[in-house]
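Below is one structure; the comments refer to it alone.
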Amino acid sequence: MKKALFASFFCCALSMAPLTLMAQHKVVAHRGYWKAEGSAQNSLASLRKAAEVGCYGSEIDVYRTIDGVLVVNHDNKIDDVRIEDTTYPNLQYRRLANGEYLPTLIQYLQEGARYPQMKIVLEIKSHRDAAREQQVTDDIVKLVHDLGLQQQVEYIAFSRVVCARVHEVDPQAKIAYLNGDLSPQEVKNLGWTGIDYEKGVFQRNPSWSREAKELGLEVNVWTLRGEDDIKAHQTDPNIDLFTTDDPDVALRLTQPVEETPKDKKSKKKSK
Ligand code: MG
């Protein structure tokens, strides 16, 4: 009798417990969470804000000045000065939209190390020629290793030279290709770990996200903007990562949903 009572109580308790459905898509803040108050694209504040709201990763763009300083900026020029052709003293007092000085990569990584739960998705920007691209890649990978951040940094690049160099100097590193002109199989054959393609690429090649998953590649799509755009991509279970200008919206939409048996019943009824 006691046993029967316990069993029925246990079943009842179990049926009342909320079931947690895991979120499928991880959120990467494109150039950091720059829409937050007090933030700006690629600023240290944008990195902090991305971590504070719980992003999986914060994306940044990195160039190397001609005197060998790694700086964080999206465009290849600042006020008509091309970053890779100038020296750091010509840039160091430039201010971002939120008043911060232009960050160097070392400043950025040291700040990122305070948030070890968040990945730094580090875009190594295309430079003028292959020699410069190899140099900037070597310098970045060395700095990441010197700071012991290999597990926290994931690399992305448009340049095949850069991707190949990352793979050569750090075969354990994650490196995703951005340019959208290689099939998943071609990326796999090169030994790179993911595709990180503009959303139009997946529309033109609707089988690529599935093929990539089957090959064990990580799949990232950019740049999602606004609720409708994010929702439209949630229907593809083969996409792992959303790179977005609206990480707050993406996080809200991709949070694990708690579904109770009552929800399930009403869903069934509405079918
Ligand atoms: Mg970028």
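Please read these numbers as outputs of a predicted model, since none were measured by experiment. Values reported hereafter were calculated over all heavy atoms of this structure, with side chains retained and with hydrogens, waters and symmetry mates removed. Order of appearance sets the numbers: ligands from 1, and atoms from 1 within every ligand.
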Starting from the Mg ion (ligand 1), look over the N/O/S atoms of E123 and name the nearest one. OE1
Taking the Mg ion (ligand 1) as the reference point, name the nearest N/O/S atom of E59. OE2
Using the ring of each side chain (for Trp, its six-membered ring), is F202 parallel, tilted or perpendicular to Y197, with breaks at 30° and 60°? tilted
Student check: side-chain heavy atoms of Y115 and I120 closer than 4.5 Å: no
Would you name the N/O/S atom of D61 that lies closest to the Mg ion (ligand 1)? OD1
Closer than 3.5 angstrom, by distance alone: can the side chain of Q41 be matched with the main-chain N or O of H74 as a donor-acceptor pair? no
Do the rings of F242 and H25 sit parallel, tilted or perpendicular, given the 30° and 60° boundaries? parallel
